[in-house]
**Student:** 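Can you read through this structure? Questions will come right after.
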Amino acid sequence: MSNARIPGRNFLFVPGPTNLPDRVLRAMNVASEDHRSSKFPELTLPLFAQLKKVFKTTTGHAFIFPASGTGGWEAALSNTLSPGDKVLASRFGQFSHLWIDLAQRLGLEVIVQEEEWGTGNNPERIEEALRADKSHSIKAVLATHNETSTGVTSDIGAVRRAIDKAKHPALLFVDGVSSIGSLDFQQDEWGVDIAVSGSQKGFMLPAGLAIMSVSKKALAAAATAKVRRAYFDFNDHVKANASGYFPYTPALPLLYGLREALNILFEEGLEQVYKRHHHLAEGVRAAVRAWGLKLCAKEPKWNSDTVSAIMVPDGFDGAKVIDIAYRRYNLALGAGLSQMAGKLFRIGHLGDLNELMLLGAIAGTEMAMLDVGIKVTPGSGVAAAQAVYRAAPLLQA
Ligand SMILES: Cc1ncc(COP(=O)(O)O)c(C=O)c1O
């Protein structure tokens, strides 16, 4: 890459932050204003109501914290649990790992169920662990809905059924950072007590907001929870949010951006948003098959519709593919993290995307792989994805 300006758009295909729609960019271009004015709730109250529709909850309380998804994890745990409380969590990728690490740092005792990376939550093992916990000392189950590091989606409804079958009262906390707003998510139906998301993925915004929805049961747990918390205290927000305010200065442009992003999501329709993500992902998966490569996801049931983690053949370094794609073709792919470093690269396919954008990413990936010596047939991935996209185009003319 020379130092000259690179014309055209950067092809941003990391699995978050995602592309910002022009409408969202324009909506965020606002002057500062008084967040204590009598007019301010006209912006905020509808946001809380609309967010509940995205989480698919009628009884949950939507929270908007100035933070990233990690802050949402901390808010979930610190508001509901006490030091030494036991939580049950499965680890099968870098983000499920980091949530466990955060829980341990908050002084919780985490019972870790190790699952192979490339798989996800195992409802049978969760049920077994809960049945064995006769004294109900496990206070919460942590489940990562979409493990972004390996491109794995888990069945959260099945995790709920496992908890119910064990007749266990544990709260269910779900990381939906790279799923909510892109993949079907049903807080009430699945009995999710806290769902955590972030602004920079399905919500098509810059990072900066932790967006959450909390059940009545989880809010009640805050009354006795003793993990120290201040900035992220649910109660401060509940009180201020009731009239459309926040306990401290909100990130105003992001709130205007969120309003527009929600408009965009509802104009398309959530069900169509999920279908589009599946369709775009199917094209990427067809390309991977045509290249003769494998996904990190061990079986199709784990395939994520928001991100594909693609294993590079033995003897090659996934980081080189990513670097060439970036430096030569202005294409940003996601890196392999932790134990997957060098072994894979990721194509994020979530947010404001369509078929031709994906074809550009697939073409660039193919060129970068050829450049590092991976023997894929030139054009094969693009042709395979084209076939998927032509068979059922998003725009039915
Ligand atoms: C599944 C998942 N959980 C949590 C996080 C952490 O979120 P953040 O980086 O917004 O703090 C990420 C970030 O990519 C993620 O993909």
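Atoms within each ligand, like the ligands themselves, are counted from 1 in listed order.
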**Student:** Looking at Q200, which atoms of ligand 1 are within less than 4.0 Å of one of its heavy atoms?
**Tutor:** 8 (P), 9 (O), 10 (O)

**Student:** Carefully, step by step, assess H349 and H277 under the rule ring-ring contact (aromatic ring centres under 6.0 Å, His included).
**Tutor:** CA-CA 7 Å; H349 31 80; H277 280 79; 8.1 Å; no

**Student:** Would you mind writing out the side-chain donor-acceptor pairs for residues 386-397 within the sub-3.5 Å range, not counting sequence neighbours?
**Tutor:**
unit_1: Y389; atom_1: OH; unit_2: L280; atom_2: O; d: 2.7
unit_1: Q396; atom_1: NE2; unit_2: P393; atom_2: O; d: 2.8

**Student:** Please work out whether any backbone atom (N, CA, C, O) or any side-chain heavy atom from C-beta onward of L98 is under 4.0 Å from ligand 1, and answer side chain, backbone, both or neither.
**Tutor:** neither

**Student:** Yes or no: does E147 have any heavy atom under 4.0 Å from an atom of ligand 1?
**Tutor:** no

**Student:** Between N79 (side chain only) and A75 (backbone N and O only), is there a donor and an acceptor less than 3.5 Å apart?
**Tutor:** yes

**Student:** K201 to ligand 1: N or O pair under 3.5 Å?
**Tutor:** yes

**Student:** Can you confirm whether K275 is buried at NZ, in the sense that more than 12 heavy atoms of other residues, nucleotides or ligands lie under 6.0 Å from that atom?
**Tutor:** no

**Student:** Would you say W99 touches ligand 1, if touching means a heavy atom closer than 4.0 Å?
**Tutor:** no

**Student:** Measure the distances from the heavy atoms of H145 to every atom of ligand 1 and state whether one is below 4.0 angstrom.
**Tutor:** no

**Student:** Has the side chain of S82 got a donor or acceptor atom that lies under 3.5 Å from a matching backbone atom of K226?
**Tutor:** yes

**Student:** Once you restrict to heavy atoms under 4.0 Å, what part of V177 touches ligand 1? Side chain, backbone, both or neither.
**Tutor:** side chain

**Student:** Applying side-chain hydrogen bond (donor to acceptor under 3.5 Å, both in side chains) between N146 and each of S182, S178, S179, report the one that passes.
**Tutor:** S178

**Student:** Based purely on interatomic distance, does G69 place a nitrogen or oxygen under 3.5 Å from a nitrogen or oxygen of ligand 1?
**Tutor:** yes

**Student:** Measuring from non-hydrogen atoms of S68 to any atom of ligand 1, is the shortest distance under 4.0 Å?
**Tutor:** yes

**Student:** Would you check the N or O atoms of T70, main chain and side chain alike, for any that come under 3.5 Å of an N or O of ligand 1?
**Tutor:** yes

**Student:** Just jot down the ring pair (Phe, Tyr, Trp, His ring centres under 6.0 Å) partners of F65, sequence neighbours excluded, or say none.
**Tutor:** F63, F232, H237

**Student:** In the protein, what heavy atom is nearest to atom 16 (O) of ligand 1, and what distance, to one decimal place, separates them?
**Tutor:** T148 OG1, 2.5 Å

**Student:** Check whether T150 reaches the backbone of C296 with its side chain - one donor and one acceptor, N or O, closer than 3.5 Å.
**Tutor:** no

**Student:** Do the numbers put K56 on top of the ring of F185, so that NZ or CZ is under 6.0 Å from the six-membered ring centre and no more than 45° off the axis?
**Tutor:** no

**Student:** Considering non-hydrogen atoms of the protein only, which is the closest contact for atom 5 (C) of ligand 1, and what is the distance?
**Tutor:** F95 CD2, 3.6 Å

**Student:** Around atom 4 (C) of ligand 1, find the nearest protein heavy atom and jot down its residue, atom name and distance.
**Tutor:** W73 CZ2, 3.2 Å

**Student:** Looking only at distances, please establish whether an N/O atom of ligand 1 is found under 3.5 Å from an N/O atom of D175.
**Tutor:** yes

**Student:** Find all atoms of ligand 1 within a distance of less than 4.0 Å from any non-hydrogen atom belonging to N146, and give their numbers and elements.
**Tutor:** 1 (C)

**Student:** Taking Q113 for its side chain and R125 for its backbone only, find out whether a donor-acceptor pair lies under 3.5 Å.
**Tutor:** yes

